[in-house]
Structure formats: structure tokens, C-alpha cells
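Data first, discussion second: the structure below is written as C-alpha cells.
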Amino acid sequence: MIPLMKNTFLNEYETKKELVDFILKAKILSMGEKCAEFEKAFAKIQGRRHCILFNSGGSANLALLQALKNLGRLKDGDTVGFSALTWSTNVMPILQLGMKAVPVDCEAQTLNCMAANLAETLKTVKLDAFFITNALGFAGDLSAIREVCKTNGVLLIEDNCESLGTALPDGKTGNFGLASTFSFFVAHHMSTIEGGCACTDDDELDEMLRITRANGWDRNLNFAAQRRLREKHGVKSEFEAKYTFYDLGFNLRPTEITGFLGLTQLKYLEENCNVRQKNYLALEEEVNNNPDLLPIQRGHLSFLSNFAFPVICKNRELRGKYIEQFSGDGVEIRPIIAGNMQRQPFFAKYVKGEWNLKGAEFLHECGFYFGNYPELTEADLDMLKSCLRKY
Ligand SMILES: Cc1ncc(COP(=O)(O)O)c(C=O)c1O
């Protein structure tokens, strides 16, 4: 049996042991020092000014859109494009926050939205923002996408929950838009059990994300920001400030356990991403030699921090056969994320209209994935290679 993932953590035993010690010694377990320490460390590794830790990647997505609305950079009724191939909680907050969600198709060969897909959408719809997803550890031509957004006045934000560590010659995924989000759920590149974050270089957005994360209050802002807000709203005492709520928020806070685990896992992140790339390259050879399968184009990426290994068959019948081949050999598999989002019941319920999403539809019908993680043994890799050989 080769499961989607084997462990909760990188270096499972040491991490659990350190966690037990930490919990026994910690005085406070609600969001505090460890979260702040993690935020600093992650921002540095990602190469962004700010990192804001959340209790999940989906929470980071929700908070990011709410924070942009609080700042007036997005408003009710705005049109937000999203990658047709993504996860449910990338799209749901667009709808939950009263905006229109428009799918942008992806290219089957790259699994991702390319600048040409975005340009095609912009021929018929004016987008206020594009919440792109970098899918399964891959990404589109993000520099060109950034240019198209700039030319057309589209605010670019990235859902990088599946592509931590991937890079293009112009930089790391997650650093191409105004802000980006990450997930630290089990089986992602690093795990805090549940967890996620948002990154940005924008000071105002950083501040608003912290307000949005915790009830709409100012307690997690620096002194200068608190003073500015309190003066603006005539809040005269610390007593009053404690329960003054400045803008729309939620409670999406992580705990100190999230912060602690994040710091532990960050130590192993680079090595983990390297092994994922190495595994991917070894398995990719089998795909290239199998005429039933579509090779994924990744020439525009300078580093592939693969999340899971996509198997794209040339037609639906072949997929049926390969699903049987993998399942029969005990390999756990999944559909290609949410597939063509238009086919999801929640989307059909809330969004009217139909888009021609050829790429996403093809992947929905012909794709699936299996796990790629550092704990895969040579024997596992041999088994996976044999499953990837011609049926
Ligand atoms: C693209 C994408 N966005 C958002 C999420 C949500 O992350 P989480 O499970 O941490 O809420 C996921 C989860 O896998 C994802 O793949």
C-alpha cells in the first residue's frame, strides 16, 4: 500500500517528541511568541516583508479577500477571476464575500492558467482581480501573467497552497502578486497539522490581515499602528481599546502549537522540497516513455517543488485503466484537485452562466494524482514506476 502520505510531520518522531516537551513547558498556548517567531522566519525564507499565520490555508484565502475589501481595494459585486483547476476554498470566499467568481481556464500540459488563458478571458469579461492558483507544485508563466494583469488593471493575488518552494527564473511562486497564501495542512510541503499563512510586501495589507484574523480588533498590530487607529476613532483608553472592533473580521487565529510546529518543520523544508523534485524527475521518465500519458511541460520552472504526482491520460478510457492499475497495486489516488470547478455542485448552485473550460474539463475527465513525499522508499518508487508503464 502506498498512501497519499505516510506521516503527519517531516521527521515525525523527533517532531512529536519536541511537541510534547513544548506543550509541557509552555505557559500560554493561544497565539503568541511562537507564532510571531514563525512569521518572521517564514517571511525571510519566502522573501516577503510580511507573513501572517492562520489556522488553515482556506482561512488565509478568506481573510485575504476580506482584508482587500476592508481596504476598499475590492468591493461588493467586483469580478474576481480564479484558476478553473483549484481547490474549493479558493473560490468559495469570492462568493461568500459577495463578489462574482469567473473561472479562467488552464492549459492541460502545464496544469495551470497561462497568460494566454487569462488574455482569452479578458476578451469577454473585465476582471477586477485574479486569484490564481499554482497547482500541484507547478505554475503558469507567472511573469507574463503579471504583465497581463498590469496592462489590464487586474489585481493579482496567488493561492500558493500547493506550490511552496517552486520557482521560476523571475522568482519564487507566491511572490508574483500583491499577496499569496499557503497551506500547512498534513501532506503539504510542511505540516502544522492544520495551518496556513498569507504573505505580502504591503504594510497596509499586513495590518488589515491581522485585524481581519482576530475579531476586527487592533491587539496584534504594532504600537504605531494601534495609536493611529485609536486616534482616528477617538479611542481614548487602553480599557476601551480592548473591545473596540475596527473592521470586519473573523477568528482565524492559529495556536502556539501551530507556530511551534511551523518552526520545527521549517528546518526540514528545503530538504523536503529537494526530495520531492528528485522523486518527480525519476518518475517523470516513465511518463515520457508511455504514449498513453501526457507529459507535463515544466520547462518554464527553475525548481519544481512537487506537491503530488499528476497522471494525465490521453483519454477517459485510458484513465479508467490506469486507475485500476494504480488501485489494484494499492496506490492511493485522488482526482486532479476539484477538476473543472463548473461541475462542482456548490458552483452550479451559486454561479450562473457557463464558460468554455477545455483544459480543466480534459483534466477532470482524464487526470488523477498520487502522493509524492520524502518518505517514499526505493521500493515504493519502483512500484510507482511500474504503475506508470504502458498498460
Ligand atoms: C489550492 C488550495 N487552496 C487552498 C487550500 C486550503 O488549504 P487548507 O486545507 O489548509 O485549508 C488547499 C488545500 O489543499 C489547496 O490545495
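Just so you know, ligand 1 is whichever comes first in the structure, and atom 1 is the first atom listed for that ligand.
With hydrogens and angles disregarded, no donor-acceptor distance shorter than 3.5 Å links the side chain of E332 to the backbone of F370. In this structure a side-chain-to-backbone donor-acceptor pair under 3.5 Å is present from E158 to N175. Formation of a donor-acceptor pair under 3.5 Å by the S237 side chain with backbone atoms of E240 is found in this model. Remark: the backbone N or O of G58 is not paired with any side-chain donor or acceptor of N61 at under 3.5 angstrom.
Taking 4.0 Å as the cut-off, E194 does not count as a neighbour of ligand 1 on heavy-atom distance. Under a 4.0 angstrom heavy-atom cut-off, G195 registers as being in contact with ligand 1. Taking 4.0 Å as the cut-off, T89 counts as a neighbour of ligand 1 on heavy-atom distance.
The protein heavy-atom contact nearest to atom 11 (O) of ligand 1 is G58 N, 2.8 Å. Atom 14 (O) of ligand 1 has H188 NE2, 3.1 Å as its closest protein atom, hydrogens excluded (heavy atom only). At the top of the distance list for atom 3 (N) of ligand 1, counting protein heavy atoms only, stands D159 OD2, 2.7 Å. Looking from atom 15 (C) of ligand 1 to the surrounding protein, the closest heavy atom is W87 CB, 3.4 Å.
The aromatic rings of F184 and F182 sit parallel to each other, their planes meeting at less than 30°, with 60° as the upper class boundary.
The ligand atoms of ligand 1 that sit less than 4.0 angstrom from a heavy atom of E162 are 1 (C), 15 (C), 16 (O). In summary, the atoms of ligand 1 found under 4.0 Å from a heavy atom of T133, numbered by their order in the structure, are 1 (C).
Neither the backbone nor the side chain of T181 has a heavy atom within less than 4.0 Å of ligand 1.
Note on L10: it does not cluster hydrophobically with I257, by side-chain heavy-atom contacts below 4.5 Å among ILVMFWY residues.
For the pair S183 and ligand 1, the shortest N or O to N or O distance falls below 3.5 Å. The N/O atoms of T86, backbone and side chain alike, include none that comes under 3.5 Å of an N/O atom in ligand 1. Annotation: G57 places an N or O atom under 3.5 Å from an N or O atom of ligand 1; distance criterion only.
The one candidate from D201, D203, D206 that meets the salt bridge (Lys or Arg N to Asp or Glu O under 4.0 Å) condition with R49 is D203.
Checked against a 6.0 Å centroid threshold, the rings of F368 and F326 count as neighbours.
With rounding to the nearest 0.5 angstrom, the CD1 atom of I2 is 11.0 Å from the CG atom of N372.
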